[in-house]
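All heavy atoms count here, side chains included; hydrogens, waters and symmetry mates do not. First the proteins, then the strands, lettered A, B, ... as listed; each starts at 1.
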There are 2 protein chains.
Amino acid sequence: MSLQPIKIGLLGLGTVGGGTINLLRRNAEEIARRAGRGIVVISAAARDLDKTRTLSLEGIRLTGNAQDVVADPEVEIVCELIGGIEPARALVLAAIERGKHVVTANKALIALHGNEIFAAAQRKGVMVAFEAAVAGGIPIIKAIREGLSGNRIQTVAGIINGTCNYILTEMRERGADFQTVLAEAQRLGYAEADPSVDIDGVDAAHKLTILASIAFGIPLQFDKVYTEGIGRIGAMDIAYADELGYRIKSLGIARHAGDGIELRVHPTLIPKRHPIAGVEGVMNAVLVVGDAVGPTMFYGRGAGAEPTASAVVSDLVDVVRAMTSDPENRVPHLAFQPNAMSDITVKPMESVQTAYYLRMNAVDKPGVLANVTAILGKLGISIEAIIQKVPDPAANVVPVIFLTQRVQERNMNEAIHAIEALDSISGSVFRVRVEMLE
Amino acid sequence: MSLQPIKIGLLGLGTVGGGTINLLRRNAEEIARRAGRGIVVISAAARDLDKTRTLSLEGIRLTGNAQDVVADPEVEIVCELIGGIEPARALVLAAIERGKHVVTANKALIALHGNEIFAAAQRKGVMVAFEAAVAGGIPIIKAIREGLSGNRIQTVAGIINGTCNYILTEMRERGADFQTVLAEAQRLGYAEADPSVDIDGVDAAHKLTILASIAFGIPLQFDKVYTEGIGRIGAMDIAYADELGYRIKSLGIARHAGDGIELRVHPTLIPKRHPIAGVEGVMNAVLVVGDAVGPTMFYGRGAGAEPTASAVVSDLVDVVRAMTSDPENRVPHLAFQPNAMSDITVKPMESVQTAYYLRMNAVDKPGVLANVTAILGKLGISIEAIIQKVPDPAANVVPVIFLTQRVQERNMNEAIHAIEALDSISGSVFRVRVEMLE
């Protein structure tokens, strides 16, 4: 790591800007191990310099004039996190003009002015990265643009607006109507004071425009997207749909129909059994169907400071890797630079903690449950649930199931050993580990 | 596209090798538009030259000696699709020694000899790409190595063996036991004649070794993975787990536990409501939890000729992009080369076909259903389902719901117009589109 850190200029110190600064600091070591050099924010522009911030801006030159950041000769990558069209557009074009790479989270800007911006970037030989513009932390741009590049993409269909998905999920789970849930979503910060960009489908249409372009190799054409909001969906529609075997989701759909492309955002009934039907609350998911790969789905948080910063920082690492390495070593084989591998130990199974499912055959003797629970209790193993079936008179053993709380495997081994030694237990104890995956 | 095509040498003409040749041919135009130049197989090695193949090998030099392909001075990228350790290892090392880039689908080779192979590649400045080694067509290597590079990864947990997942799914759905389902899976080609590598968890342990290394920046260490198969899971365990609110899945789990790394493959109870619990049959899915992004999930087909070829060809495109472009233009902004954008039209909404959910308020007059179905029938719209609730005596209208089959939006607009003109219908017809997403 003898290389100098790459110097970033940040435009916008709102939710995503603050999240990006925090993430670059918190994971500085991990990021440098991956990128081959450090990434530091040296200057930032904010609209309101007097605002009280919990964010420490130590080591960052702060300005009220975003053009100062773009013009700063030390800044190598400009990170545009203002949102909206102007001044974002002018600033991005100015950065490109000065030969600087750009990372942006701005979906409206890319959907409406991407063609112009990418043409300028092409002329100047700079990168404009925009993973954060679609589906927050889900690396869907990279998946389509690179990970599925062997396919003819047939369909992209996504839950790409968390506000709509939150509202529809709450309406279904509680049988509540649209206005009630919207008001709550506004109170909880899941919907804006003016929610129209989300609930009318405009935000999803921006994202769909981008997805369709990279999936099909067509120019960005936001004005061709058919857009319909969720405001007219009633609680009864959700209930009728359920009766018919469907969920209602607001989907952005781009489909290659042979004779043309379909581009549409609208509430959609989808079969309950489809994986995307189970995507609830503010989560996002994008289904991509390719001719070779078949259906794939990419799931995660579509908004928020940290998930969006995850995408912004991953773009920064991408740009830094390309600026730094010979093409052949752009991405280290094992993700981290060969001289930055960690030697953290792999734990022996004995010291792993999980919960357990235990099945054993009890001889129908009084006190068997008491014996087993005493053994578990002595080893500090708490019981979550027990299933004991009424014994079949013909059988001489009865299966008993224990679900335990988390404990070290070492203790469980000891417990199983002791349980198997009981007279009231026949044969061995069968164990399956339990993970909540939270 | 004035650049010469890149010339590939293929080792192995089995399922994946054949799939790769087919895919490169079928999507040749699309691939060249993305990569900036063509990708053609010029030579291939097969064990049995006399085997009858449905695959056309026109334009491909065929040899029984794989070293011929590696030594062929025209071959720029060697694609290793033989599988197993030897001779694959020796061939890959020989290709690297000759300064050739390598694409491989060989999980055992990478898990066991990756450290040696990547060190050799590093010395010679060549790329070794291995997306196809884990989870087939799902671009999970790229997602972790690049798409989530801003995160400290906390957990990777995946359904990464389709055979195990198929068996466990069938056991649950039909209450069948392990041996019965395994025998069927073998008949259907979802399990090998010797199924031990899959059902004992060795295959998943190979893949987990790779995932853990790129997630945590640790060397590949297959011998440290705790591995337990699914052979002892009984139908009754699946039923008891269900009663407790869980599904049993064979998971590969890699977790950063602070003081060490957990690496384990074993049958696992997971809560039914977790998105990964709904991954059924031969499908694969990998959950990746990062400190910034939170939980993400990547879902798709984990095996088979075409899904695996999807990953192989995407790796080839990656390598070709890096060989061809200045680093700044490695991946075109919109996935396809700027001079290769398509002008295929976006269809007007009127010519889009979907199924429809229609809700209308019927005045309680005899013949209303007959009137509506006559209109739908005249416009060629078939009805899938009707819901008509028993009228509330207090209400003067009753909601009627129609679920239709697929039809052009144009016809549906006309139908809705006609229905709204009926005396027996009050107010407007509310429509939601229906997509099966198949």
Test log, rule side chain to side chain contact (heavy atoms under 4.5 Å, CB included), inputs A:Asp343 and B:Ile218: CA-CA 6 Å; A:Asp343 60 354; B:Ile218 55 175; over 6 Å; no

Sequence neighbours excluded, the answer for salt bridge (Lys or Arg N to Asp or Glu O under 4.0 Å) partners of B:Arg145 is none

Is it true that the side chains of A:Asp291 and B:Asn27 contain a donor and an acceptor less than 3.5 Å apart? yes

At a heavy-atom separation under 4.5 Å, does B:Glu384 approach chain A through its side chain, its backbone, both, or neither? neither

Cut-off 4.5 Å, heavy atoms of chain A, and the answer for B:Thr308 is neither

Atom group of B:Arg264 that falls short of 4.5 Å from chain A, counting heavy atoms: side chain

Which answer fits B:Met127, side chain, backbone, both or neither, if we ask what part of it has an atom under 4.5 Å from a heavy atom of chain A? both

Interchain contact, B:Pro295 with chain A, by part (heavy-atom threshold 4.5 Å): both

So, A:Arg255 and B:Glu435, do they make that salt bridge, N to O below 4.0 Å? yes

Considering only heavy atoms, which portion of A:Phe130 lies under 4.5 Å from any heavy atom of chain B: side chain, backbone, both, or neither? side chain

Where do A:Arg321 and B:Glu146 land on the salt bridge (charged side-chain N to carboxylate O under 4.0 Å, His left out) test, with the steps shown first? CA-CA 10 Å; A:Arg321 280 171 166 167; B:Glu146 306 177 37; 5.4 Å; no

For the side chain of A:Arg34 and the backbone of B:Ser149, is there at least one donor-acceptor N/O pair under 3.5 Å apart? yes

Flag, side chain of B:Ser314 to backbone of A:Gly150, donor-acceptor distance under 3.5 Å: yes

Is there a side-chain contact between B:Tyr226 and A:Val352 in this structure, where contact means two heavy atoms from C-beta onward sitting under 4.5 Å apart? no

Measure distances from B:Leu148 to the heavy atoms of chain A and classify the residue's part below 4.5 Å as side chain, backbone, both or neither. both

Look only at the side chain of B:Arg33 and the backbone of A:Gly217, and say whether a donor-acceptor pair between them is shorter than 3.5 Å. yes

